[in-house]
Amino acid sequence: MTRIIHITDLHFWHIVRNPLLLCNKRILGNLNLLLRRQHYVHQERAQSFIDLFPSLEADALLIGGDLTTTATEAEYRQAAVFVNTLAQFGIPVYMTAGNHDLYTFESKRQQRFEKHFGNRLEKAGIPSLKFLPGGTPLLIVPTARPNLLSSRGHISNTQLQDTQTLLEQAPEGPLVVLAHYPVLSTPSHHSNYMRQLGNGALLHRLLGDTSRPILYLAGHVHVFSHTRDPQFPNLEQITSSALFYEKQHHPGGFTEIVYTDGEVAVHPWQYNNGWKRTPESCDTTSAKSL
Ligand SMILES: [Fe+2]
Ligand SMILES: [Fe+2]
């Protein structure tokens, strides 16, 4: 049996008061933070998650990106302390960046994600193949990039080619993909063009054409969903809740995934006056590709 914990969209935040740091898209993100996000991203729950973590008896921790909000040095430091504390429990930690981790072109130039998490990355921006405890292959696919205004993701032709090569190299059997952006347009109310994955349809076809069982773990949409692709039934997608959220229709949470003899059980957890494990999720049926 292998137990994976998938957390995503932590969105550690720190309000910027230095005007020199606000000469870019961050001025919008900071305004959003001041007026809205600081009220529903309860980063003070970080310690309660750390306290819970050993009892989950996880074999691996997967982090789906958006660890920060406007990709400042201060937010990265908060996120790194959190991740390093969890890593001290002695299990492998795998991660990918979200669009908020590359919020400004300056944060990308400064290679802030690599600076704080480089020891956990093969090469940022390049797909990589790992193996989970128990031997299931894990394909980490980068899908985020900085944008002037939108929250749109992108996977380049080179990244698609690298993904295809790694898919061919991975031993047969079930495979897990870790990415920030969903590859199916569920939940549908989060699927508008400005928030979608550019070239997502190509990635979708690439994964579908393998015919092998693929569990695709994504974030970005901030709500839990579990979907089997009607076009490629070998493809199952899970989006996890934003870890520290507390918003109407958007409770905070994470996802526990248990592999037993090739069978997968999916248990969403929610925060409701404490972390609560909810009943096993069955995949829903309505989904379409991007
Ligand atoms: Fe997010
Ligand atoms: Fe995102």
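If you read the sequence from its start, that first residue is 1, and numbering goes on from there. Whatever order the structure lists ligands and atoms in, that order sets their numbers, starting from 1.
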Quick one: closest heavy-atom pair of S151 and N99, and the distance?
CB-ND2, 3.7 Å
Do NZ/NE/NH1/NH2 and the carboxylate oxygens of E172 and R212 come within less than 4.0 Å?
no
Tell me, which N, O or S atom in H220 is closest to the Fe ion (ligand 2)?
ND1
Is it true that Y245 and Y271 have ring centroids separated by less than 6.0 Å?
no
Quick check: does N99 have an N/O/S atom under 2.8 Å of the Fe ion (ligand 2)?
yes
N, O or S from H180 under 2.8 Å to the Fe ion (ligand 2):
yes
Quick one: angle H11 NE2 - the Fe ion (ligand 1) - D9 OD2, to the nearest 10°?
110°
Check all N, O or S atoms of D66 and name the one closest to the Fe ion (ligand 2).
OD2
Would you please classify the geometry between the F117 ring and the Y76 ring as parallel, tilted or perpendicular, with 30° and 60° separating the classes?
tilted
Flag H222 as yes if one of its N/O/S atoms falls below 2.8 Å of the Fe ion (ligand 1), otherwise no.
yes
Could you pull out the closest heavy-atom pair between E256 and W269, with the gap in Å?
OE1-NE1, 2.9 Å
